Structures are given as structure tokens and as C-alpha cells.
Protein chains: 2
Amino acid sequence: MKKQIKDIVEYLVKHNIKPSYPRIKILEALIEKDSHPNVDEIYNSLLKDAPTLSKTTVYNTLNVFAEAGIVKVLIIDGKEARYDIDTIEHGHFKCDNCDNITDLNISIDDKIISELQGFKIKEKRVYCKGICNKCLSI
Amino acid sequence: MKKQIKDIVEYLVKHNIKPSYPRIKILEALIEKDSHPNVDEIYNSLLKDAPTLSKTTVYNTLNVFAEAGIVKVLIIDGKEARYDIDTIEHGHFKCDNCDNITDLNISIDDKIISELQGFKIKEKRVYCKGICNKCLSI
DNA sequence: AAAGAGAATTGTAATAAATACAAAATTAAA
DNA sequence: TTTAATTTTGTATTTATTACAATTCTCTTT
Ligand SMILES: [Mn+2]
Ligand SMILES: [Mn+2]
Ligand SMILES: [Zn+2]
Ligand SMILES: [Zn+2]
């Protein structure tokens, strides 16, 4: 269930991001990958189309996207950030073996709100770790 | 609500960890702090009692503790690991302003189990980020 | 079209958490 | 006491990410 964005440029502009070539390509890669890629995966996948692309640009752009709220940064074991274009609240499962991250249709119950009276909640995150079904069946 | 451990040495031995002086001190610090400290906080708080303590030993020891299951490693924004002596499943709130981490009495509903049929779940994590009540009232 | 201002991109250097590794020290066994 | 095994330590290394200045690009104004 890949994220559907008809017009990439329009989508960027709508979020006040100037649609430069690297930004368009990086957003395309995020949509295409659909698997919570890391910086290196994005960078390497674009080298053919954008040979002069700098890894710093990938970092910068992803930070711009995160600031604008069009990507979520997933920190699951601290080694590296993973990026998700699906900004609707949902959870994740990361496989310790293959490093794949799959989506979970889950959101944090509002009962925590009572515990966080007087707090400003900006983000709620849920994830699990373990071994995925594919890795288990090998 | 600090974790109550009567006999530190006995507790370590029970978990098959040889109770060396650094290990005892680091465990004591984890219990005493009660605030999900990072490596530097633990290290610095022990320098008076253990002037020869190496930061590598703190890293090693915390890894030993994590392996043995007597601490949980919290990765919330990837900058650094935080350590929790409370191993009962619960959630956390991290303040973007003061970096304090507070406990949340929450656990992931078992409804996710249905989504993870055939997966081996080793860990379930929940956390929120935002601004804590103390920082908001300043 | 040319010039200029502002923004984005790039390459390199710097940062910092965590690990690797081997030597020294400590502990336990014989 | 000797010896073996384990732990601790210091230093070097790794690696993801950021800092920063120079270059390039883009868009507006002349
Ligand atoms: Mn996702
Ligand atoms: Mn906790
Ligand atoms: Zn897997
Ligand atoms: Zn705070």
C-alpha cells in the first residue's frame, strides 16, 4: 500500500518546500521504497539519476521534510535513522535479523492522556522488535 | 518509587553476573538515579567513589546488564542511550526541553498480536515526546 | 540578456556515541 | 604460590550525523 501522491512538485510546494531536483528525487525514492529506508539506501538508489548528489543533501533534505512534517524519523535501535513518508500515526515492527521494518496498525490509547495532564504531547510512538515471519520460516 | 533491591550483590549473582566493584557501583547508581540516566551521568556520578573507573567499563557493564535482562536500554532520539533499571513493561515520556524521561503506566494492547501472527516478538516499546509539565510552567 | 540576491547543494572537516582490541589488573581455581 | 580465566582500562577505531564555507542554482530586477 504505497503512498499515493499524484503530483510530487505540487505536494512539496503545498508544504512550503521548494521543489528542487534533489528534493523531488528524494521524495520519489521515499514513496517508491515503501520500506522505511535509511539515508544510505536513499542515497545509493539515486546515484544513477543524480550522479552529483551529495549525501549531505540527502541529510539536509530529510531534515527539511521532517521539519515540514512530511516524513517521520524512526529511531528504533539508535544505529541509524529510518524514514517513513506515511505520517499517519501507526506502529512498527523491526526484525532483528533482516532489519526490515513493517507497519503496525496501532495507535496509543488515549488513556495515557490522563497520565500526562499538563504535558504537551508532540509525538506518540509504538514499536516492537523481534524476528519477522519470513526470517522465522527460513 | 525507586526500585527496591535489598542485596545488590545477591541480585547480581542471581542473574549470573559476577559482582565486581564497578558492577556493584554502576547498579547502585542506576537504582539511586531513578531517572533513566545516560552513560555520562552514571560515569560522572561514580568518579568520586571509583576514581579509576573507565567509561568503557560503564559501557561494558551496561551491556552485560542488558544481556542479563536487568536493565532496559531506551533509545528515544538516537543521540544517546538511556538506561532503565525498571524492567517491568511500561512506557516513557521524554521532554524535548529538559531531556527528563518519566514513566508511563502503559503497555501495548494484545490486539497487535493478531497483526504479528508468525512473528516472534521480543520487545514492545511505547513512548511519547513533548514538553513536560515543569518546563511548561516556567 | 545581464547582474545580483537569496537559497540550495556540495565536499570536507568535525562531532560524538559506541565498539574493538590488547595490555594490565583482578579474581578464582589448582 | 602458580596458573588460568575474567574483568577492567586506555587508546584507537568506527560510523552516523552535523557544521561550515565554497560553489552552484534559481529567481527577480534591471
Ligand atoms: Mn511506517
Ligand atoms: Mn522507566
Ligand atoms: Zn526478518
Ligand atoms: Zn521538561
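Nothing here was measured: the structure is a model prediction, and the numbers come from that model. Reminder, nothing fancy here: chain letters follow the sequence lines and each chain counts from 1.
- Between A:L74 atom CG and D:dA16 atom P there is a gap of 17 Å when expressed in whole angstrom units.
- Side chain to side chain, B:D103 and B:H36 meet the donor-acceptor criterion of an N or O pair below 3.5 Å.
- Between A:Y59 and D:dT18 there is no side-chain polar atom (N or O) within less than 4.0 angstrom of OP1 or OP2.
- Applying the side-chain contact (heavy atoms from CB on, under 4.5 Å) test between B:V58 and each of B:N44, B:D40, B:V39 identifies B:V39 as the sole match.
- Atom pair B:K25:NZ and D:dT8:P shows a separation of 14 Å (rounding to whole Å applied).
- A:N63 comes within 4.0 angstrom of the backbone, heavy atoms only, and of no base.
- Atom NZ in B:K55 sits roughly 14 Å away from atom C1' in D:dT11 (whole-Å rounding).
- Counting heavy-atom neighbours within 6.0 Å of A:K14 NZ, excluding the residue itself, gives a total above 12.
- Regarding A:Y43, its OH atom lies at a distance of 15 Å from the C1' atom of D:dA16, rounded to whole Å.
- Protein chain B contacts DNA chain C from C:dA17 to C:dA20, reading 5' to 3' and using non-hydrogen atoms of the protein with a distance under 4.0 Å.
- Here the straight-line distance linking atom NE2 of A:H15 with atom CZ of A:F65 works out to 10.5 Å at 0.5 Å rounding.
- Nucleic acid contact for B:T56: base, since at least one base atom lies under 4.0 Å from a heavy atom of the residue.
- When rounded to the nearest whole Å, the span between CG of B:D77 and C1' of D:dT18 equals 15 Å.
- In the model, B:N105 has no side-chain atom that pairs as donor or acceptor with a side-chain atom of B:H90 under 3.5 Å.
- For the pair B:R82 and A:Y21, both in contact range of DNA chain C, the more 5′-proximal nearest nucleotide belongs to A:Y21.
- The side-chain contact (heavy atoms from CB on, under 4.5 Å) test applied to A:E67 returns no partner, not counting sequence neighbours.
- Contacts of B:K18 with the nucleic acid, taken as non-hydrogen atoms under 4.0 Å apart, involve only primed sugar atoms and P, OP1 or OP2.
- You'll find the ring centres of A:F119 and B:F93 inside the 6.0 Å limit.
- If you check D:dT8, D:dT9, D:dC20 against the side chain of B:R23, the one that comes closest is D:dT8.
- Rounded to a whole Å, the CD1 atom of A:I42 is 14 Å from the C1' atom of D:dT17.
- The CG-P distance, from B:N16 to D:dT6, rounds to 13 Å in whole Å.
- Side-chain heavy atoms closer than 4.5 Å link hydrophobic residues (I, L, V, M, F, W, Y) into clusters, and following such links, even through other members, never connects A:L136 to B:L116.
- Where DNA chain C pairs in unbroken runs of 3 or more (Watson-Crick or G-U, both distances under 3.5 Å), the stems are C:1-30 with D:1-30.
- For A:N60 and D:dA19, the CG to P distance is 10 Å, given to the nearest whole Å.
- Side-chain atoms of A:P37 and A:L30, non-hydrogen and from C-beta on, do get closer than 4.5 Å to each other.
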